[in-house]
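What follows is a short report on a single structure.
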Number of protein chains: 2
Amino acid sequence: MRKNITLKDIARELEVSVSTVSKALKNSNEISRDTREKIQAFARLYNYKPNNIAISLKNKRTKNIGVVIPDIVHHFFTTVFRGIEKYANGKGYNVIVCVSDESFDKEVINMEMLANGSIDGFIMALSAETQLRGDYAHLRQVAEQGIPLVLFDRVTEEVPCDKVVINDEEAAMQAVEHLIRSGKRRIALITNESYLHVSAMREKGYRRALKDHGIPFDDTLVLRLPYQFEEEELSRQFFETRKFDAVLSVNEIFAIRGMRLARGQGYRIPEDISFIGFTDGMLSRYSIPTLTSVAQHGEEMGACAARLLIGKVEHEYDETDPGSYRTEVIRASLIERESTLPGLPGS
Amino acid sequence: MRKNITLKDIARELEVSVSTVSKALKNSNEISRDTREKIQAFARLYNYKPNNIAISLKNKRTKNIGVVIPDIVHHFFTTVFRGIEKYANGKGYNVIVCVSDESFDKEVINMEMLANGSIDGFIMALSAETQLRGDYAHLRQVAEQGIPLVLFDRVTEEVPCDKVVINDEEAAMQAVEHLIRSGKRRIALITNESYLHVSAMREKGYRRALKDHGIPFDDTLVLRLPYQFEEEELSRQFFETRKFDAVLSVNEIFAIRGMRLARGQGYRIPEDISFIGFTDGMLSRYSIPTLTSVAQHGEEMGACAARLLIGKVEHEYDETDPGSYRTEVIRASLIERESTLPGLPGS
DNA sequence: TTGTAGGCGTTATCAG
DNA sequence: CTGATAACGCCTACAA
């Protein structure tokens, strides 16, 4: 095992001082052409590479960014991560990922682990449990330490920092309007238990669209499913006992399961029931019928978050000035597929 | 911004030496109970946390592991990653992810970036381009530097290191045998262009199963699709012009697309054509019909890879001894769903 | 019981 | 042009 060679090694071999080597390797013209070349040749020969850790210690910059997400086996987060990774890599940063598994404790532990010098800043989406508890002390503490923080998608008003969100409410409205335009009036909503901020926003948009079109909100047309595990019975009852001609779902899995149930009961899609889901993932593209879907442009979101974060990391800023925090909104867009009827002409 | 407090700060405030503080904080009984308590109280009060970077520099251990994978928006890799992350986290390690995007150059650049002290070891799956070129110099170099390396799934014989693979050949055989047992004889294979080691192994298993059951291999029943982008026309022709009663696909996407085409042409699944795919992801679970699938147990693979790596990292080992390298085989299993007929009794 | 000194690898400042 | 020194934050052998 040939351990990595250091400046000191080179200095010893070439009988010069460490500082001469250091300067020579950065081509400083403090050093004579001769020695410079000699040193550079030697370094190349022995494949010298500066030690990142030492440089980090010196600069107090690690060129690492920490990403804390609730789940990695999840199309949307994965997509955002790709956006982050690409942008960060382009800027010479590496990305450390920690998965909170929707657990408050893990989120806290992971952040503490990273906050002690391992990273220059955080990008994160809150775990479900954190949102449920509404406890954001760990985020505030990180902010107090002067570590830049960017929240995306699963955000909260209670922490002053940069944020990247999609226009959930508006996107839900537009989806519902799309259904209304194609002649649907009894529109169901499938959502999860409501402590997730994004779900709440989507429900808000759903209600507003109904209201705007003079359709009364009907609570019996809202199916609230538990977040994590499958509860097939609830859904079955819902589909058997309620009459509706369209469904908006806050994610694609609920939509796909809904379509399967509807077909099982003999409904045609989209003629009898149309479906629109959030999260434009694999399932939407490959289901039968293919699912009309609200694309969240995760990769763009990730890139945006990374851009904000690295901006803060590299340019000194005043973290006490609330005006310096931005919230970027990524506009979702509706991808029309087989599960909805085409809208009326001109719409 | 209250920067993190250091040993030196504590020492200055309490008018003791840095080493006293250091020892006191690790409860060394070299230090009097009195000073110990005073120092610990002070440290707690100011929320002292040792600086990871400094510790890394001192110990030459970063407690980071580098994961290099071809793609993150990919169910299998994501699953493996989860296994790695969980195991590593449990052992106090963080995970730095780099995505090679199937590109040789990015793979090399990423590894060089990390190999200069940022990580204690690598876990990786080779990019398609790397396998195509067969150039593994960068891996060898890492190994020479004494950095432990574990390859998973996309491996090569040409680099001596620990490996984690699934029994691709055998799994493909078993899948084909499953089809044969349910009465199918003309079994098609959908695979990708063949420079991927895993695909080659699966094809081998496919052929062997046929042979073992006296079914002649028919090259016209093999559809080879390009790796990255969709080539719908090739598939359509294949489904229109060839007659077969079952399909084995090396991934779930090809299988799902195949099922859609087959249904479009009026075939019933599984009565007319059964399907089995590799990669037991979302699509397999939620497609219509649901897809019988070879589960690769990615999470288990990831955990295994992390275990091997951390083992090497923490226990000195002799990297010149080829006998010290292990290849762990994770056994795939067949998840039966609607896209295949149940096997005959007793099988 | 406490403190000093040296080192991990690098860089910046200043002296020669 | 070159080198000595200090510093980043921490640890530890050794001295007092």
Side-chain angles (χ1 to χ4, degrees), chain A residues 2-40 42-43 46-64 114-120 145-147, chain B residues 2-40 42-43 46-64 114-120 145-147:
Chain A
R2 200 188 51 202
K3 271 276 151 245
N4 269 342
I5 192 177
T6 72
L7 288 184
K8 203 198 248 185
D9 297 330
I10 301 182
R12 185 168 6 82
E13 291 305 316
L14 262 38
E15 302 186 296
V16 290
S17 79
V18 176
S19 45
T20 306
V21 178
S22 175
K23 287 171 188 160
L25 288 179
K26 5 185 62 90
N27 236 323
S28 156
N29 44 5
E30 267 185 70
I31 307 295
S32 73
R33 173 169 298 284
D34 254 22
T35 25
R36 241 188 297 167
E37 280 172 359
K38 192 176 56 176
I39 290 174
Q40 288 173 5
F42 188 93
Y46 285 94
N47 193 32
Y48 169 79
K49 294 277 167 47
N51 179 316
N52 289 331
I53 298 291
I55 292 177
S56 294
L57 181 58
K58 186 113 247 284
N59 301 343
K60 296 162 160 250
R61 281 280 152 80
T62 60
K63 287 249 168 188
N64 286 154
L114 295 179
N116 305 129
S118 299
I119 50 100
D120 295 339
Q145 278 180 58
I147 302 179
Chain B
R2 197 189 52 201
K3 270 278 151 243
N4 269 343
I5 191 177
T6 71
L7 288 185
K8 203 198 250 182
D9 297 330
I10 302 183
R12 186 170 3 86
E13 292 304 316
L14 262 37
E15 302 186 296
V16 290
S17 80
V18 177
S19 53
T20 306
V21 179
S22 174
K23 287 170 189 160
L25 289 179
K26 10 181 61 90
N27 235 325
S28 157
N29 45 3
E30 268 185 63
I31 308 295
S32 72
R33 172 170 297 284
D34 253 22
T35 26
R36 242 188 297 166
E37 280 172 359
K38 191 176 57 178
I39 291 174
Q40 288 173 4
F42 188 92
Y46 285 95
N47 192 30
Y48 169 79
K49 293 280 165 48
N51 179 314
N52 289 332
I53 298 291
I55 292 178
S56 294
L57 182 59
K58 180 117 251 282
N59 300 346
K60 296 164 161 246
R61 281 278 154 82
T62 60
K63 288 249 169 188
N64 287 155
L114 295 180
N116 305 131
S118 299
I119 50 100
D120 294 340
Q145 280 179 58
I147 302 179

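Worth saying up front: this structure is predicted, and the values here are computed from it rather than measured. Proteins get letters first, then strands, A, B, ... in listed order; numbering begins at 1 in each.
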Between the first and last five pairs of the helix from C/dT1-D/dA16 to C/dG16-D/dC1, the angle of the axes, rounded to 10 degrees: 60°
Out of C/dT1, D/dC8, D/dT2, whichever nucleotide has its closest atom nearest the side chain of B/Ser32: C/dT1
Gap between atoms CG and C1', on B/Asn4 and D/dC8 respectively (whole Å): 14 Å
Atom-to-atom span, CG of B/Asn29 to P of C/dT1 - whole angstrom: 8 Å
Protein-nucleotide distance (A/Asn52, atom CG; C/dC8, atom P), rounded to Å: 18 Å
Rounded distance (nearest 0.5 Å) linking atom CD of B/Gln40 with atom CD1 of B/Ile10: 10.5 Å
Validation row: B/Ile53, A/Thr62 side chains within 4.5 angstrom (heavy atoms): yes
A/Ile10 CD1 - D/dT2 P separation (whole Å): 16 Å
Spacing of A/Leu57 atom CG relative to D/dC10 atom P, expressed in whole Å: 9 Å
Sub-4.5 Å side-chain heavy-atom contact between A/Asn4 and A/Asn51: no
Distance in angstrom units between B/Ile31 CD1 and C/dG3 C1', rounded: 9 Å
Pair A/Asn52-A/Lys63, side chain to side chain contact (heavy atoms under 4.5 Å, CB included): steps then yes or no: CA-CA 9 Å; A/Asn52 289 331; A/Lys63 287 249 168 188; over 6 Å; no
A/Lys8 NZ to C/dT10 P, straight-line distance once rounded to whole Å: 10 Å
Contact letters for nucleotides 11-16 of chain C, in which S counts primed atoms plus P, OP1 and OP2 and B counts the base, heavy atoms under 4.0 Å: BBBB--
Results of side-chain hydrogen bond (donor to acceptor under 3.5 Å, both in side chains) for A/Glu30 - residues two or more places apart only: A/Lys23
Least distance between heavy atoms, B/Ile5 atom then B/Tyr48 atom: O-CD1, 3.4 Å
Beyond-backbone contact of A/Ile119 with A/Ile147, side-chain heavy atoms, under 4.5 angstrom: yes
Short side-chain N/O contact to D/dT2 OP1/OP2 from A/Thr35, under 4.0 Å: yes
Minimum-distance nucleotide (side-chain atoms of B/Thr20 versus D/dT2, D/dC8, C/dT2): C/dT2
Closest heavy-atom pair and its distance - B/Ala11, B/Ser17: CB-C, 3.8 Å
Protein-nucleotide distance (A/Leu14, atom CG; D/dG3, atom P), rounded to Å: 11 Å
Atom pair CD1 (A/Ile31) and NZ (A/Lys38), whose distance is rounded to the nearest 0.5 Å: 11.0 Å
